[in-house]
Visitor: 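Supplied in structure tokens, the structure appears directly below.
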Amino acid sequence: KPRLYSGMQPSADSLQIGNYIGALMQWRELQDSYEAFFSVVDLHALTQPNDPAELRAKTRRTAAQYIAAGIEPSRSTLYVQSHVRAHAELAWILSTITGFGEASRMTQFKDKSARYGTDATSVGLFTYPVLMAADILLYQTDIVPVGDDQKQHVELTRDLAERFNSRYGQTFTVPMPVIQKDTARIYDLQNPTAKMSKSAESDAGVLWLLDDPAASAKKVMRAVTDSDGTVRYDRETKPGVSNLLVIYAALTGRQIPAIEDEYAGRGYGDFKKGLAEVVVEEFGPVRARALELLDDPAELDRVLAANAARADEVAGATLASVYDKIGLLRRL
Ligand code: TYM
């Protein structure tokens with residue numbers, strides 16, 4: 001089977017529905033036809049300030065949400081990035097073949113560093129995409145399903161793989177990003193031209209997977225729309241309604257025109273009520289299952305340990321061949 005790799009940062013207590021629609025739904029579907037590896041990228045999360053106890057909790061919570069959303073740890077390898085040491089080691093090697101200018105062109109870095117200022121921007125934030133490349137390349141990955149904000153990082157990964165292969169001989173599979181066009185970007189409900197994000201400044205526009213259903217319904221009812229009054233998809237002039245339509249369609253598997261027809265001649269109130277029901281129905285069971293899993297952290301940790309052992313084997317083999325090829329002396 002071809003290989004699939006993807007991951008998420010444990011950067012909040014809950015995932016948001018952009019993560020769910022833009023990534024997790026694809027993961028769940030693709031895990032049948034691929035040998036899949038899904039990581040909770042805790043090393044990446046260190047690029048933001050973290051309370052140690054909270055980081056541990058968020059890491060477990062993220063893993064629990066993967067499982068609750070339908071990733072099966074008996075079929076797919078679901079593990080914590082820092083449990084497999086090869087990630088940090090390969091990241092170092094790859095950093096030595098990454099251009100400073102090349103890394104400087106990553107738009108996510110440019111955005112974040114502009115927001116934080118130079119003093120609060122760490123070198124880790126700068127090399128973040130190199131660690132991501134290491135994640136992907138260690139597993140000889142064929143496809144990387146992500147939302148469109150990660151596309152540039154996967155392209156850097158491809159460049160690094162090709163560069164390494166041409167310098168040292170065939171070592172890495174060159175991965176392809178897989179981006180679901182329609183759902184690649186879910187927007188903030190209060191600010192529908194900005195990406196919904198775990199690290200959004202205000203919570204009002206973010207739908208959390210683990211939120212209380214009543215709270216999510218309320219956020220949907222309060223979502224920003226427009227004064228036009230018709231439920232119609234038009235990204236340019238109706239970003240708020242369009243975003244809600246995309247969410248509605250993604251969660252129900254229906255086409256946008258069918259939803260527009262259903263709400264033709266009815267107001268936004270009805271439409272939002274309909275969407276709130278869809279959201280509650282979809283996330284209610286996911287939330288309940290995640291909380292159940294979190295009730296038994298010891299069992300969750302055991303599952304993660306077994307999966308890390310599986311990941312370690314694959315990653316270790318790739319790393320050993322990399323060390324050999326670039327001329328590091330083998331320890332007897
Ligand atoms: P992260 O944790 O920011 O996001 C996890 C996944 O969710 C997608 N996503 C969205 N999709 C649609 N609409 C949105 N508003 C939205 N917000 C987030 C992201 O595109 C991503 O697929 N660097 C990565 C994590 C990572 C990784 C990897 C991913 C580390 N190593 C290797 C793939 C392969 C990140 O920060 O994702």
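No hydrogens, no waters, no symmetry mates; every other heavy atom, side chains included, goes into these values. Along the sequence shown, residues are numbered consecutively beginning with 1. Every number for a ligand or one of its atoms is a count from 1 in the order of the listing.
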Visitor: Might you confirm whether atom CD of Glu313 has over 12 heavy atoms from other residues, nucleotides or ligands at distances under 6.0 Å?
Guide: no
Visitor: Taking atom NZ of Lys1 as the centre, report whether more than 12 heavy atoms of other residues, nucleotides or ligands fall under 6.0 Å from it.
Guide: yes
Visitor: side-chain contact (heavy atoms from CB on, under 4.5 Å) with Ala298: which residues, sequence neighbours excluded?
Guide: Asp296, Arg302
Visitor: I'd like to know if the side chain of Trp208 pairs up with that of Asp13 as donor and acceptor (distance under 3.5 Å, no hydrogens or angles considered).
Guide: no
Visitor: Please confirm whether the backbone N or O of Arg232 pairs with a side-chain atom of Glu260, one donor and one acceptor, at under 3.5 Å?
Guide: no
Visitor: What does the list of residues with a heavy atom under 4.0 Å from ligand 1 look like, ordered by chain and number?
Guide: Tyr5, Ser6, Gly7, Met8, Gln9, Gln16, Gly18, Asn19, Gly22, Ala23, Val41, His44, Tyr128, Met132, Asp135, Ile136, Val144, Val146, Gly147, Asp149, Gln150, Thr183, Ala184, Arg185, Ile186, Lys195, Met196, Lys198
Visitor: Say whether Ser76 and Tyr34, considering side chains only, have a donor N or O and an acceptor N or O under 3.5 Å apart.
Guide: no
